[in-house]
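Everything numeric here is computed off the predicted structure, so don't read it as measured data. Lettering of chains follows the sequences in order, A, B, ..., and the numbering in each one begins at 1.
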Amino acid sequence: MKIATVIVDVPTLGTDKEFDYLIPEKWIGIIEPGMRVAVPFGPRTIQGFVTGVKSDSPFSNKLKALKEPLDITPVLNKELLELGEWLATDTLSFKISCFQAMLPAAMKAKYEKRFLRINKEHNPFLDDLFAGKQEISWKKAEERNILPALHAEIKFGNAEVVYDVKSLARKKMIKVYQTMMVNAEILTLLNSLPSNASNQKKILEFVLKQQADEYSAKELSETGAPQSSIQALVKKGVFSEKSVEVYRDPFEHKQFTRTEPHPLTNEQQEAISPILDTIECEKYETYLLYGVTGSGKTEIYLQSIQKVLDKGQEAIVLVPEISLTPQMVDRFKSRFGDDVAVLHSGLSIGEKYDEWRKVQRKEAKVVVGARSAVFAPFENLGIIIIDEEHETSYKQEELPRYHARDVAIYRAKHHHCPVILGSATPSLESFARAQKKVYHQLTLSRRMNNKELPHVSIVDMREEMRDGNRSMFSRELHSKLADRLEKKEQTILFLNRRGHSSFMMCRDCGYVMQCPHCDISLTFHRYTNEMKCHYCGFNTFVPNTCPECSSNHIRYFGTGTQKVEEELYKIFPDARVVRMDVDTTGRKGAHEKLLEHFQSGKADILLGTQMIAKGLDFPNITLVGVLSADTMLHLPDFRASEKTFQLLTQVSGRAGRHELSGEVVIQTYTPEHYSVQFAGKQDYDRFYHQEMIMRKVGSYPPFYYLSLITISHEDLMKTVSTTEKITKYIQSRISDEAIILGPVASPIPRINNRYRYQCLIKYKHEPDLKPTLHKVLEHYQQQFIKEGLTISIDVNPYMMM
DNA sequence: AGCACGCCGACT
DNA sequence: GTCGGCGTGCTC
């Protein structure tokens, strides 16, 4: 008797455990751990992951047999199965959610229900119900309002319900035509064809010219012949037709010119050599590659990977939201060609699935991708690289709330290989670990071409205001912009819209339009002319007069990119502006198009939000302007200073990377703030020291770890009292060393009419905390569902909202 | 999560 | 009497 242990696709606490299933005789030896299977679960059939195979079970009296395997080979190997279990404990998530997070979305199951007719005797009523067929889908039955009738028939034994477990994935198939005749035969046929068969003749002539064994349907139809002519030739035995699976290639129409390794500078040489050693001796080590922008980190990545590939191993490269850095993908594709699989959010579900399968089938040796690419199913991993290590997008905000850096380190330990964390502005956590020698620090302090860092000037916008300049461009930025336009050099204008995006305020009474369901002000959307809530989606018309005092002195505060664009055209009517934000880059590929447009010199100014801060490298940019540096500085987040510093430094790094030297203008209302000051000087080390003092005083990371618990409910009192109870419980079970803040209202105290309270735990070493938090979930579970409470626990949170 | 089972109110 | 409301509890 063989029994499979299965984690079922039901993400709840009660079912977050292994269920035992009998393996039918015919699949013994075929069902393996890591495969997806369809299993009966209660009255339904659902998907599950096999985690093990054993010979007996404590449930032997009520064992059911599994229905069928959904994979031919396991989709999760032993390492990934173990990683999933660890991840579930570490982030307090369900095992099933962790397994699903490791696979492309296409592999998530899709469930469908059908009614099957059992009684096939002539019966007008049944004939009518089933519309003369043997089965009817649940959806159809629902539409036709015959669910009760069908349920009755099930009771009579005339029908039954079947559950289908389907995969979202569709393999893409194309028709291929194999040549079945030799030239002489084709020639004979060609001559015997009637004169009006011009299309068939075209194809045969094409075949005689090409002399290939196989032709795709596309190739043949390019001769101008219709499908019917091809079919005619298949009938005549010229071709045999077959279907083959093809990968959807997102880079189909892109050409990559092969690059060779560049000679390394002394500094690069020094940095890469310990990495190469670690690869050689196959041991685990985390390196923090701290290198200023333009110091050549990527070449170090490339050459380290080359070494890994030479050893027959594989590499993972994580980049933040990769669709935003097409230049990065190009560099990897150019060096390693088809060995590279790319996984990022810009791909369709099918494309992602295909790229993933290239990895699984060992057709790709290098994966370049966003956060989830850290789970690439390699079995002989030689290196994991995390570029722009400080980026917060490496933390997943939905369940499972994991950080790619932690997963990378876990996997590297398993594979005995190095992790490289690269950044010009490392996260405080990583830099502190490097200082404590937990990570091994490698430094690149000089730019490759020995170009000096751009000159940065910080402009105090309060002074501009005092001097009567009420425009969003300071006099300095204005004159420099004019200068660049004159010289035909390019400018990047960076607008940080986060923080306070455009909201509406009455200048007479100070009324600010709020969302009726959430405690947050509504955002003004010019293109739809609506006031919108970014949290619950509520929207309403834009008022002409103040709803409170009927004044018509209504102003829109905060500056959107559209508004800046309009202003720009007012001041510089001839400037050619490319605007990049969520509105202009929504469509697939729009991003690349806009960048190409700018790169080819068809525009003078690139105006955008966060997304233009990263990785762009254009030679002709000599001016970078930051319109308001401090919009995110006042967010209720202990990382606000760090984020501001990183952003300003990254943006500044976009200027003067090549022959032309660059200038940066940072406009701010708080020029004295240390993160603005040190970013202006590009002085990471002094920023680090200052910020470490702030973190120490506030007992924040990297001095303390954090766990954040958020409780929400429609009733304020209920929310507060529950949070209080939970806080007390936790307090009683951990040491006095830990600091507990709360219960306090969340920074956004109400979303979608639900009040939100939280409790923040700061601690250094609390081995009992995670088990305690798990107990909280377990203990309150039933009560929570019953009373409509929701609880979310975030270990090491990055979003404090 | 779904779904069945079960125990109480308004109808043919 | 029964249909159907949704509270409760289970799923190998």
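At a threshold of 4.0 Å, the pair A/K718-A/E787 counts as salt-bridged, since one of the basic side-chain nitrogens sits closer than that to a carboxylate oxygen.
Rounded to whole Å, the distance from OH on A/Y111 to P on B/dC3 is 12 Å. Taking atom CD1 of A/I96 as the reference point, atom C1' of B/dG2 lies 15 Å away to the nearest angstrom. Summarising the geometry, the separation between CZ on A/F94 and P on B/dA1 is reported as 8 Å, rounded to the nearest angstrom. Atom NZ in A/K108 sits about 12 Å away from atom P in B/dA1, given to the nearest Å. Atom NE2 in A/H151 sits roughly 15 Å away from atom C1' in C/dC3 (whole-Å rounding).
Ring geometry, A/F99 versus A/F49: the interplanar angle falls from 30° to 60°, so the pair is classed tilted.
Qualifying side-chain hydrogen bond (donor to acceptor under 3.5 Å, both in side chains) partners for A/H517, counting only residues two or more places apart in sequence or in other chains: A/N753.
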Which atom pairs link the protein and nucleotides 7-12 of chain C when you take only N or O atoms and keep those under 3.5 Å?
unit_1 : atom_1 : unit_2 : atom_2 : d
C/dT11 : OP1    : A/K62  : NZ     : 2.9
C/dT11 : O3'    : A/G42  : N      : 3.1
C/dC12 : OP1    : A/Y21  : OH     : 3.2
C/dC12 : OP1    : A/P40  : O      : 3.2
C/dC12 : OP2    : A/K64  : NZ     : 2.4
C/dC12 : O3'    : A/D20  : O      : 2.5
C/dC12 : O3'    : A/K64  : N      : 2.8
C/dC12 : O2     : A/D20  : N      : 2.9
C/dC12 : N4     : A/K17  : NZ     : 3.2

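Heavy atoms of A/Y163 sit under 4.0 angstrom from primed sugar atoms or phosphate atoms, though from no base atom.
What you find for A/K395 and A/R371 is that their closest heavy atoms are O-NH1, 3.3 Å.
In this structure, a donor-acceptor pair under 3.5 Å is present between the side chains of A/T15 and A/T12.
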### Task
List the steps and the verdict of ring-ring contact (aromatic ring centres under 6.0 Å, His included) for A/H765 and A/Y705.
CA-CA 8 Å; A/H765 181 70; A/Y705 293 109; 9.0 Å; no

